[in-house]
Protein chains: 2
Amino acid sequence: MSHPLIVNLERHGPLSDEERQVLQQITARVVAYRPREEIVAEGSTPSHSSLILEGFATRHNHSADGKRQITAFHVPGDFADLHSFLLKRMDGGVGALTACRVAQVAHGDLREITKRYPYLTRVLWFTTLVDGAVHRAWMTTLGRMAAGERLAHFFCELRDRLETVGMTKGDSYELPITQEELGDAFGMSTVHVNRVLQELRAEGLIASHGKTLVIRDWERLKHMGQYDPGYLHKDQKLERD
Amino acid sequence: MSHPLIVNLERHGPLSDEERQVLQQITARVVAYRPREEIVAEGSTPSHSSLILEGFATRHNHSADGKRQITAFHVPGDFADLHSFLLKRMDGGVGALTACRVAQVAHGDLREITKRYPYLTRVLWFTTLVDGAVHRAWMTTLGRMAAGERLAHFFCELRDRLETVGMTKGDSYELPITQEELGDAFGMSTVHVNRVLQELRAEGLIASHGKTLVIRDWERLKHMGQYDPGYLHKDQKLERD
DNA sequence: CGCTGTCTTGAAAGGACTCAACGCCGGTGG
DNA sequence: CCACCGGCGTTGAGTCCTTTCAAGACAGCG
């Protein structure tokens, strides 16, 4: 069983034995969460960052009037709140969608990394920048695309992200996200999510059996969601030196 | 005339003389842009990052069908694309709203900083994380708030950001942003921006004379936009050691 | 077997968009 | 010095997307 963080970071270039060892060490403390459980509370100031090892998680902000905006979905290998290392105060919370195993990385350990391992620092920084790029892609769908296009875009994005961690089976993958959560992520009511999903199914773009999503026409889905995976910077190499 | 970047970074803790000197050096190359001019092209791979010294700039993504989403407004002291240091390929472009003076910081210099100046590295990383926090705040307004509330929120945010760089005069500030641009930023048509602004004025929340925005009732504007400046992490201190 | 969370459906109301036209103002060139 | 031009702001009317409210169907779980 390979370490999901190491696998993720090595997509951008090889790590030294020492670096791999450091990553092993700082991710040694693992905690389990049940479905729906809160991992990091909105407004809290954790002293560690949470790395998802198994399961799906969300990041979400609540507006003052109680509405929820989901700002990110996280899959194994993702740091859900690496930003809390420097930002300290969580502007949004992190929650488990399914049962999760999470490594807690002490902020002190991360600070040590910035002192001793410049390359590791840059790759970690890099992952937070990709996070921002995904935010911008979502903003673009939220602000300028129709409801169905937003969902199409997301299903494409999630496919690519799950594929890199080996969690797709051909054209399908597990999507443990309710319609309410999709609505909270993409700015639509649950009812409307439901109707739009029906259209996507009727169009022959997707199908779903239980929690499994099947992509029936990748090309048309991609086209509808105007999906271009560049912003994920999946295989972007970083200079070691 | 103090250096806007140094002032900005020192809000989070004092810099050493050496660090200040390094920052001076790497921001020595300055370029001027005219209003509307493109600073960094979408899809390009610049070898430097752009620091706004004077003027207003935007970051924007275009969807495949030509619509524009503005993902950020930048004011003096902001790095518009520090992320291009590691991400390389620009997922969105940077453009001048007004005449701008911009310092071009070579990516090579930034890499050197990650090797020699861990604290400086952390503060710079920090600024990109705040950028992400602002993205999340915008996503929340885009997905879950009404049109008028989104604008109210933004006027509050911009006030606070301009205040920290001394660009407010009491309750008012220069807002060199057209209604079309506001629409592209907050997911609404130009026509609708116009009507919503009229409502904000009629409600006595704001007034505008030419390009000057006057906040006439801060408390109510804040309340309407559900504005809580925490996500800007304005005076968050970072540990030097 | 009943409960609860999730999905689905229908109908009515409302927010936002599009299209189209007009007014205003500063800049420019004759 | 004035008339024209273009960018920006403003208005009106009709349409459509999305929401809200309400209720029923379904499925997994204890």
Side-chain angles (χ1 to χ4, degrees), chain A residues 34-37 56 58 63 65-70 95-99 141-152 174-203 206-214 224, chain B residues 34-37 56 58 63 65-70 95-99 141-152 174-203 206-214 224:
Chain A
R34 278 164 307 175
R36 316 270 123 192
E37 204 173 340
F56 282 72
T58 60
S63 62
D65 57 355
K67 289 176 189 154
R68 176 174 67 161
Q69 173 68 41
I70 291 177
L97 235 32
T98 65
T141 73
L142 272 170
R144 284 289 173 243
M145 285 166 54
E149 299 170 357
R150 294 204 283 274
L151 292 181
E174 293 305 298
L175 182 76
I177 301 176
T178 66
Q179 296 182 354
E180 185 182 1
E181 286 152 352
L182 285 175
D184 283 345
F186 300 106
M188 39 209 290
S189 67
T190 310
V191 171
H192 200 230
V193 170
N194 184 283
R195 294 197 233 263
V196 170
L197 284 176
Q198 287 180 53
E199 277 174 33
L200 294 183
R201 287 191 281 251
E203 291 268 333
I206 61 166
S208 48
H209 312 104
K211 292 193 185 309
T212 302
L213 182 87
V214 183
M224 178 173 189
Chain B
R34 279 164 307 175
R36 318 269 123 194
E37 205 173 340
F56 283 73
T58 60
S63 62
D65 57 356
K67 290 176 189 155
R68 175 174 68 161
Q69 173 70 39
I70 291 177
L97 234 32
T98 64
T141 73
L142 272 171
R144 284 290 173 241
M145 284 166 56
E149 299 170 357
R150 295 204 283 275
L151 292 181
E174 293 304 299
L175 182 76
I177 301 176
T178 66
Q179 295 183 353
E180 186 182 1
E181 286 152 353
L182 285 174
D184 283 345
F186 300 106
M188 40 209 288
S189 67
T190 310
V191 170
H192 200 230
V193 170
N194 184 283
R195 293 197 234 263
V196 170
L197 284 177
Q198 287 180 52
E199 277 174 34
L200 294 183
R201 287 191 281 251
E203 291 266 335
I206 60 165
S208 47
H209 311 104
K211 293 192 185 310
T212 303
L213 182 86
V214 183
M224 178 175 188

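The structure presented is a predicted model; accordingly, all values stated were derived computationally and were not measured. Lettering follows sequence order; numbering is per chain, from 1.
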Participant: Quick one: B:Lys67 NZ to C:dC17 P, roughly how many Å, whole number?
Facilitator: 10 Å

Participant: Could you tell me whether the side chain of A:Thr58 and the main chain of A:Ile70 form a donor-acceptor pair under 3.5 Å?
Facilitator: no

Participant: Report each atom pair, protein N/O against N/O of nucleotides 8-11 of chain D, whose distance is under 3.5 angstrom.
Facilitator:
residue, atom, partner, partner atom, Å
D:dG9, OP2, B:Gln179, N, 2.9
D:dT10, OP1, B:Arg201, NH2, 3.4
D:dT10, OP2, B:Gln179, NE2, 2.8
D:dT10, OP2, B:Asn194, ND2, 2.7
D:dT10, OP2, B:Arg201, NH2, 3.3
D:dT10, O5', B:Asn194, ND2, 3.2
D:dT11, OP2, B:Gln198, OE1, 2.7
D:dT11, OP2, B:Gln198, NE2, 2.9

Participant: Return yes when atom CD of A:Glu203 has more than 12 non-hydrogen atoms of other residues, nucleotides or ligands closer than 6.0 Å, and no otherwise.
Facilitator: no

Participant: Could you state the CG-C1' distance from B:Leu142 to C:dA16, rounded to the nearest angstrom?
Facilitator: 14 Å

Participant: Supply the atom-to-atom distance A:Leu142 CG to A:Gln69 CD, rounded to the nearest 0.5 angstrom.
Facilitator: 6.0 Å

Participant: Please walk me through it: do A:Arg144 and B:Asp184 pass side chain to side chain contact (heavy atoms under 4.5 Å, CB included)?
Facilitator: CA-CA 8 Å; A:Arg144 284 289 173 243; B:Asp184 283 345; 2.9 Å; yes

Participant: State the CD-CG distance between A:Glu37 and A:Leu97, to the nearest 0.5 angstrom.
Facilitator: 13.0 Å

Participant: Separation of B:Glu149 atom CD from C:dG15 atom C1', in whole Å?
Facilitator: 13 Å

Participant: Please report the distance, rounded to the nearest Å, between NE2 in B:His192 and P in D:dC16.
Facilitator: 18 Å

Participant: Can you check the A:Leu182 CG to D:dT19 P distance for me, whole Å?
Facilitator: 13 Å

Participant: Have a look at A:Gly187 and say if it touches a base, only the backbone sugar-phosphate, or nothing, with a 4.0 Å heavy-atom cut-off.
Facilitator: sugar-phosphate

Participant: Separation of B:Phe186 atom CZ from C:dG15 atom C1', in whole Å?
Facilitator: 19 Å

Participant: Measure the distance from CE on B:Met188 to C1' on C:dG14 and round it to the nearest whole Å.
Facilitator: 16 Å

Participant: Quiz question: by atom type and distance under 3.5 Å, do the side chains of B:Gln179 and B:Thr190 form a donor-acceptor pair?
Facilitator: no

